[in-house]
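So you know, we letter chains A, B, ... as the sequences are listed, proteins then strands, and number each from 1. As a basis for the values below, the full set of heavy atoms in this structure was taken, side chains included, without hydrogen atoms, waters or symmetry mates.
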There are 2 protein chains.
Amino acid sequence: MITSTSNQQVKNLVQLQKKGKARREQGQFIVEGIRMFAEIPDAWIQQVYVSETFLLNNPDKLFGKTYEVLADKVFEYVSDTKTPQGVLGVVKMPAYTKKDLLTAADGRAPLVLLLENIQDPGNLGTMFRSGEGAGVTGIIMDKTTVDIFHPKTVRSTMGGIYRVPFIIVDDIKEGIRLLQEHRIRIYAAHLKESCCYDEPDYTTGCGFLIGNEGNGLTDETAEMADQYIRIPMGGKLESLNASVAASLLMYEANRQRRNCV
Amino acid sequence: MITSTSNQQVKNLVQLQKKGKARREQGQFIVEGIRMFAEIPDAWIQQVYVSETFLLNNPDKLFGKTYEVLADKVFEYVSDTKTPQGVLGVVKMPAYTKKDLLTAADGRAPLVLLLENIQDPGNLGTMFRSGEGAGVTGIIMDKTTVDIFHPKTVRSTMGGIYRVPFIIVDDIKEGIRLLQEHRIRIYAAHLKESCCYDEPDYTTGCGFLIGNEGNGLTDETAEMADQYIRIPMGGKLESLNASVAASLLMYEANRQRRNCV
């Protein structure tokens with residue numbers, strides 16, 4: 001059992017929790033909590049750490065995996081949450097190809113979310129969560145978007161991070177070009193547009209562009225879209241929350257694509 | 001200018017920021033930031049506080065209101081945000097009647113959100129924001145739901161708190177009964193239901209029940225609904241974020257009610 005916070009492994013866990021740079025250099029990130037741990041794909045797990053108390057009470061929740069034990073206080077020190085659940089995995093970052101983003105196992109048409117400069121980890125995670133629910137085939141983020149491997153983002157995905165293919169591009173315009181080469185139509189949420197978001201046909205390949213929480217899309221990015229769409233808003237509201245807007249668009253595509261009505 | 005954090009007014013501002021009890025006893029809450037300050041309804045404002053620097057740079061953003069100046073350090077001490085914008089208002093809590101929740105100026109049918117035990121301030125605020133956008137006529141919360149006057153909730157409403165009528169009831173079942181007495185049909189988001197959320201007709205009066213983030217609605221509450229509805233989810237996801245789910249339902253009602261398609 002590791003009982004000291006100056007232990008080298010413990011120091012590295014803290015680095016992985018706090019520093020995007022450490023995560024990128026090591027190609028690893030941390031997943032915390034019983035449910036998120038249980039869903040880690042087997043091939044992604046590198047190491048498992050548990051608190052002493054967790055091991056006593058929940059040995060069955062380790063699924064026979066090899067683990068290291070941390071004293072409860074050391075686990076608390078390493079944890080990113082206020083009330084740690086006592087289990088975490090060090091996980092290898094997945095590497096998706098562009099093709100992965102456009103190909104669904106069930107053969108459905110590509111449905112891609114394109115994100116420019118999203119800043120809130122909770123928003124990004126929620127987009128993965130809603131994206132999985134709505135059936136997106138992939139998510140493309142630019143590198144100014146908050147780190148998908150940030151502990152709060154990972155948590156907010158509720159497991160979507162394991163199941164929604166994604167890539168990070170230097171500039172979101174690369175992502176737009178990639179999709180347009182595959183004849184995927186790009187829609188940009190834009191406040192001044194008159195075309196309502198539920199008017200276009202999303203049953204063939206489509207991509208939705210979502211911009212920064214405060215400023216929306218940059219002009220250059222918005223200009224590359226094939227069509228602007230608008231989510232109608234009553235009252236005096238200037239915009240919706242970015243993850244809500246993304247979810248409304250993805251679920252409108254989902255609505256059109258299923259035979260539920 | 002107030003230069004000391006032991007000043008009585010300063011101490012009270014901190015109480016109003018941090019303690020729901022202080023807010024309830026005084027019937028007041030705090031609104032921070034330039035945009036949120038600018039939108040406060042005139043009749044709601046009790047006091048205005050600005051930082052020394054804000055007063056120098058933005059005297060026009062005070063709209064001629066009477067104010068007290070705080071030394072920058074004192075303003076930082078009082079602020080709930082990491083990078084304070086330098087202006088805050090002490091605001092009187094609004095008092096709505098049940099009728100206010102069911103009556104829209106434009107005569108549209110009642111569209112009410114009913115919230116049971118929502119715990120995340122950001123989720124609650126986002127529901128007010130989306131609610132204003134989608135055109136809800138009111139929001140009913142139970143008292144186990146997080147405080148609508150919490151600084152983070154207020155911020156997340158993006159002004160919706162000023163414009164969406166709301167009441168807090170001891171038990172959400174009271175809210176359900178109130179609506180049912182007015183022949184408003186109650187829909188509960190329920191994971192095991194087979195009726196898709198876009199099947200019912202929401203063009204007449206309706207209410208949407210949303211439950212706790214982790215546990216959903218209590219059984220007793222769900223049983224009072226007139227109809228269960230389900231938001232379809234792909235992948236292995238167990239649920240959507242509560243504010244996303246609420247937004248999808250409210251915007252489905254919005255979609256049915258406008259003539260946009």
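- The local environment of NZ in Lys92(A) is sparse, with at most 12 non-hydrogen atoms from other residues, nucleotides or ligands closer than 6.0 Å.
- Atom CG in Leu248(B) sits 9.0 Å away from atom CE in Met250(A) (nearest 0.5 Å).
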Next on the checklist: With side chain to side chain contact (heavy atoms under 4.5 Å, CB included) as the criterion, how do Ser130(A) and Leu240(B) come out once you've worked through the C-alpha distance, each side chain's angles and the decisive distance to 0.1 Å?
Outcome noted: CA-CA 6 Å; Ser130(A) 296; Leu240(B) 293 170; 4.3 Å; yes
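- Between Pro232(B) and Asn254(A), the closest side-chain pair of non-hydrogen atoms falls below 4.5 Å.
- Neither the backbone nor the side chain of Ser156(A) has a heavy atom closer than 4.5 Å to any heavy atom of chain B.
- Side-chain contact between Arg258(B) and Asp198(A) is present, with at least one heavy-atom pair separated by less than 4.5 Å.
- Interface remark: of the candidates Gly125(A), Ser239(A), Gly135(A), Gly160(A), Ser239(A) forms the most heavy-atom pairs closer than 4.5 Å to chain B.
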Next on the checklist: For Tyr251(B) and Ile231(A): C-alpha separation, side-chain torsions, deciding distance, then whether side chain to side chain contact (heavy atoms under 4.5 Å, CB included) applies.
Outcome noted: CA-CA 9 Å; Tyr251(B) 262 95; Ile231(A) 300 174; 3.7 Å; yes
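- Ranked by heavy-atom pairs under 4.5 Å with chain B, the list Met158(A), Arg35(A), Glu39(A), Arg129(A) is led by Arg129(A).
- No side-chain heavy atom of Leu237(A) sits under 4.5 Å from any side-chain heavy atom of Phe128(B).
- Listed options Gly133(B), Ala134(B), Ala246(B) were ranked by heavy-atom pairs under 4.5 angstrom with chain A; first place goes to Gly133(B).
- For Glu132(A), the side chain to side chain donor-acceptor pair (under 3.5 Å) partners at least two apart in sequence or on another chain are Arg163(A).
- With a 4.5 angstrom heavy-atom cutoff, Thr126(A) touches chain B only via side-chain atoms.
- For the pair Arg255(B)/Arg255(A), a side-chain contact is recorded, criterion being any heavy-atom separation below 4.5 Å from C-beta on.
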